[in-house]
Number of protein chains: 2
Amino acid sequence: MKWDALEEEPCSLARTVAVIGDRWTLMILRECFLRKRRFDAFQTSLGITRHLLADRLKKLVRFGVLRRIPYMDSPKRYEYILTQKGLDLYPIIMSVVHWGNVHMVDSRGRPMLHEHKLCGKHFDPLMICSECGEPVFAKEVHVHPGPGAREAVAPKANISKARTTKASRA
Amino acid sequence: MKWDALEEEPCSLARTVAVIGDRWTLMILRECFLRKRRFDAFQTSLGITRHLLADRLKKLVRFGVLRRIPYMDSPKRYEYILTQKGLDLYPIIMSVVHWGNVHMVDSRGRPMLHEHKLCGKHFDPLMICSECGEPVFAKEVHVHPGPGAREAVAPKANISKARTTKASRA
DNA sequence: ACGCTAAGGTTCTATTTTAGAACTGTCAAC
DNA sequence: GTTGACAGTTCTAAAATAGAACCTTAGCGT
């Protein structure tokens, strides 16, 4: 399966994976949330090859996650800043970091602590239900098809080689 | 940078990316949360090559995210079920799906809807601060080093080739 | 004028991953 | 005794990534 195919799956997870589902993209976004904005700053702190960094930045701009803004003319210099779409990735970043904090730390403890400026305390992110405000667990969630689901009955059912099916859900 | 190097970074994001940061792992985990458990079930619904599926399942078992349980002797057959460590990935999955729901759907709408059995309503996941209960936004969070951070002053500062640095944070 | 550095890339080859398909082995049913 | 399900393994070809060098515009020091 190609990356481009992922974007078109009728599955919100697959489509998001098409944007952030590689070795480097989440790391680049981490740097963005740490207020890094420039090519060399990303390259130095991540150790990513310049080739790949250029490629990933282009991709993130294409997806509307970052915006490429000139901050100097002659020579033209650009920096990359998060759009609202990019800022909305914050819950993903935080839940990824939190899982690492819980399950992947060594004996020395957490590499980083997060302080909530509103209340002044070190915190963990907690996922709650937007409707009732209770914490959500996998077993308490029932999933069912929405309007954008793949049609149940295939209109043209000429699935020639069903061996390598690519069906999917969200 | 190799995958193995990622696991050892002093950064909870990098370490988590070492587990879930590839094209297929999150998709496999989606199927797990949709109650799929068997090799062929994964392969059929994802269209992943059998080679890669075997590899990713092994990796997830090695990381303690899945457990490989025999459900039949002669012939020996196994199924893969989420451990608690695996179930704890749910907020990541949900925040990824939610971002896709908000930013990557086409005109037909969401492919899937999530119902919270506790309150009976369709919901979105919401990230709040564990301390004050308010929704968290990137600009309201201050990050600083924790006990597991890379030591600020290098004990043996013989960084021979500083050109290709690999520094990192969490 | 000359060399040096900085930023933001591009280009090149070598290595690693992934895709795609076929093959293996065990058992049960037809 | 052939077919089919299940859970993989093995093979070759194609794609992605690593690692390093190179390019361009421009400022600074001498």
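Chain A is the first sequence line, chain B the second, and so forth, proteins listed ahead of strands; every chain is numbered from 1.
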Nearest of [options] to any side-chain atom of [X]?
| X | options | answer |
| --- | --- | --- |
| His51(B) | dG8(D), dT11(C), dT10(D) | dT10(D) |
| Tyr71(A) | dT10(D), dG19(D), dA7(C) | dA7(C) |
| Leu52(B) | dG8(C), dA19(C), dC27(C) | dA19(C) |
| Asp40(A) | dA7(D), dA7(C), dT10(C) | dA7(C) |

In whole angstroms, how far is the [atom2] atom of [N] from the [atom1] atom of [X]?
| X | N | atom1 | atom2 | answer |
| --- | --- | --- | --- | --- |
| Tyr78(A) | dA26(D) | OH | P | 12 Å |
| Leu57(A) | dT10(C) | CG | P | 10 Å |
| Gln43(A) | dA20(D) | CD | P | 11 Å |
| Asp4(B) | dA18(D) | CG | P | 13 Å |
| Met27(A) | dT17(D) | CE | P | 14 Å |
| Met72(A) | dA7(C) | CE | P | 9 Å |
| Arg23(A) | dT15(C) | CZ | P | 17 Å |
| Asp55(A) | dA16(D) | CG | P | 9 Å |

Has [X] got a side-chain N or O lying under 4.0 Å from the OP1 or OP2 atom of [N]?
| X | N | value |
| --- | --- | --- |
| Arg68(A) | dG9(C) | yes |
| Lys59(A) | dA16(D) | no |
| Lys58(A) | dG8(C) | no |
| Tyr80(B) | dC6(D) | no |

Open item on the list: Within the 4.0 Å heavy-atom criterion, would you say Thr49(A) contacts the bases, only the backbone, or no part of the nucleic acid?
Closed with: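 Result for Thr49(A) = base.
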TODO: Under 4.0 Å between any heavy atoms, over every strand shown, what does Phe42(B) touch: base, sugar-phosphate, or nothing? Just pick one.
DONE: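 No contact at all - Phe42(B) keeps every heavy atom at 4.0 Å or more from the nucleic acid.
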- [ ] Give the ring-plane orientation class for His116(B) versus Phe123(B), where under 30° counts as parallel, over 60° as perpendicular and anything between as tilted.
- [x]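 Tilted.
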Task: Check ion pair Asp40(B)-Arg77(B) (N to O, under 4.0 angstrom) - done: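 Looking at Asp40(B) and Arg77(B), the cut-off is not met.
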Open item on the list: Could you see if Val105(A) belongs to whatever hydrophobic cluster contains Met112(A)? Use Ile, Leu, Val, Met, Phe, Trp, Tyr and a side-chain cutoff under 4.5 Å.
Closed with: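 Looking at the clustering, Met112(A) is in a separate group from Val105(A).
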Distance-only donor-acceptor test, [X] side-chain atoms vs [N] base atoms, 3.5 Å:
| X | N | answer |
| --- | --- | --- |
| Arg77(A) | dA7(C) | yes |
| Arg38(A) | dG8(C) | no |
| Arg50(A) | dG9(C) | yes |

TODO: Run the numbers on Ile20(A) and Leu60(A) for side-chain contact (heavy atoms from CB on, under 4.5 Å), then give the verdict.
DONE: CA-CA 9 Å; Ile20(A) 61 161; Leu60(A) 287 169; 5.6 Å; no
Open item on the list: If you compare all heavy atoms of Ile93(B) against all heavy atoms of Arg30(B), which two are closest, and at what distance to 0.1 Å?
Closed with: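 Closest pair (atom of Ile93(B), atom of Arg30(B), distance): CD1-N, 4.3 Å.
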Open item on the list: I need the minimum non-hydrogen distance between Glu131(A) and His122(B), along with the two atoms involved.
Closed with: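 Taking Glu131(A) first and His122(B) second, the nearest heavy atoms are CG-O, 3.2 Å.
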